Amino acid sequence: MSRILPAFALALAVGLGALLPRPAAAQDLSALARVDPAGSLVSDRSGGIDLTLALSQGVPWRVFSLTEPDRIVMDFREIDWSGLSRLGMLNSDLAADLRFGTYRPGWSRLVLTLTEPLALSRAGMEVDPATGRARLSARFEKVSAEVFAAQAGAPRDPDWDLPEDGLPRPAPRDGDAPLTVVIDPGHGGIDPGAVQGGLTEKDLMLQLAQAVRETLIREGDTRVILTRNDDAFVSLERRVAIAHEVEADLFISLHADVLAYGRAHGATIYTLSDTATDEASAKLAERHDRDDLLSGVDLTGKDDVIADVLMDLARLETTPRTEALAKALKLSIEASGAPLNSHPMRAADFSVLKAADIPSVLIEVGFLSSQRDRKNLSDPAFIDRMALSIRDAILAWQQADAAMRPLIRQ
Ligand SMILES: [Zn+2]
């Protein structure tokens with residue numbers, strides 16, 4: 001017979017593995033569990049949702065809910081999701097979206113966005129003693145919006161959640177350190193960004209960020225920090241915090257999104273503005289905030305009024321420097337022969353550009369919705385050429401900025 005373990009009992013059981021009856025097949029609870037797509041499904045039944053996840057072995061897991069939008073979050077240690085498709089698993093009118101992937105190294109997350117408030121009514125993980133295979137079943141039933149809101153919230157659990165400062169922290173720089181550049185490969189982990197024509201934004205941008213770092217370091221006296229070095233989720237807020245922690249001189253976020261309407265193609269450089277230059281740019285910024293919200297949990301409060309005033313003052317000095325950086329990028333990309341958008345300089349309310357005192361820009365190096373851009377981005381030579389043009393822009397900006405700074409300070 002199989003045994004049924006509730007979430008936290010299994011989490012406990014991991015530490016007591018030796019005391020549990022061992023399955024015939026040797027089971028290593030520290031190894032990655034592989035998902036079995038054929039046995040994994042989200043489906044509607046009697047006005048609620050049944051979720052089943054078939055795994056090669058048992059793993060510790062937990063479940064909680066979040067609001068705005070209403071969603072169910074399941075964390076696991078740790079699942080290899082290879083082979084599972086969103087469309088293949090999601091078969092429900094009560095759920096609008098399903099995403100899964102790495103949350104942070106060692107953790108996996110599944111997020112089910114709901115169209116109606118549903119609460120967990122029961123869940124358990126069954127482990128087959130003969131094969132070691134595990135099956136997680138969870139049932140979610142309709143509740144009122146009030147009940148859902150009252151139950152929602154991310155549990156803070158030291159066994160699961162790193163402290164906010166528990167993430168790898170790059171050292172701040174010393175007195176007269178070289179130019180410090182933060183390169184931010186967009187998306188990551190559970191948030192893939194755009195996926196089209198066999199290309200994935202998060203992977204391409206990590207590749208490009210690493211190429212920029214290499215070419216900058218080869219050039220000499222530059223310190224380059226990436227906001228992520230692997231396929232991990234990093235919140236937008238955390239990306240900005242990293243730039244502050246390392247006392248960055250500039251911040252460049254790299255993207256290759258899909259724009260659903262308009263004929264967007266060619267490299268486009270975005271700066272921060274409360275009012276977007278155009279509808280498409282506004283939508284792009286909104287969608288990045290939404291992806292971030294859906295994947296992560298924002299545990300911080302809002303800025304107070306005083307902080308806002310101080311930020312505005314800092315921005316007065318930063319804005320012309322940011323504009324100079326955007327312009328240097330435009331000229332350099334143009335000179336490299338890579339296609340530019342017909343309006344290559346745009347602005348919108350991108351959360352990742354909100355470091356008030358650090359010149360920050362976001363580059364859409366191309367759009368995965370454009371066939372021509374996709375063709376370019378799938379060519380390693382194009383990625384290298386783009387990396388070189390970003391490097392040249394950074395170095396040109398550094399020179400111009402050093403010359404301008406005494407004037408701005410007056
Ligand atoms: Zn993006």
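All ligand and atom numbering here is 1-based and tracks the order in the structure. Because the structure is a prediction, the values reported are computed rather than measured.
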Shortest-distance N/O/S atom, Asp257 versus the Zn ion (ligand 1):
OD2

Restricting to N, O or S, what is the name of the atom of His255 that lies nearest the Zn ion (ligand 1)?
ND1

Describe, in one word, how the ring planes of Phe76 and Trp81 are oriented to each other, choosing from parallel (under 30°), tilted (30 to 60°) and perpendicular (over 60°).
perpendicular

What I want to check is whether the side chains of Ser92 and Asp44 have a donor and an acceptor closer together than 3.5 Å.
yes

May I ask you to check if any N/O/S atom from Glu201 comes under 2.8 Å of the Zn ion (ligand 1)?
yes

Do any N/O/S atoms of Glu364 come under 2.8 Å of the Zn ion (ligand 1)?
no

For Asp97 and Arg71, what are the C-alpha separation, side-chain angles and deciding distance, and is it a salt bridge (Lys or Arg N to Asp or Glu O under 4.0 Å)?
CA-CA 9 Å; Asp97 192 22; Arg71 58 210 194 275; over 6 Å; no

His187 and its side chain to side chain donor-acceptor pair (under 3.5 Å) partner, picked from His288, Lys202, Arg228
His288

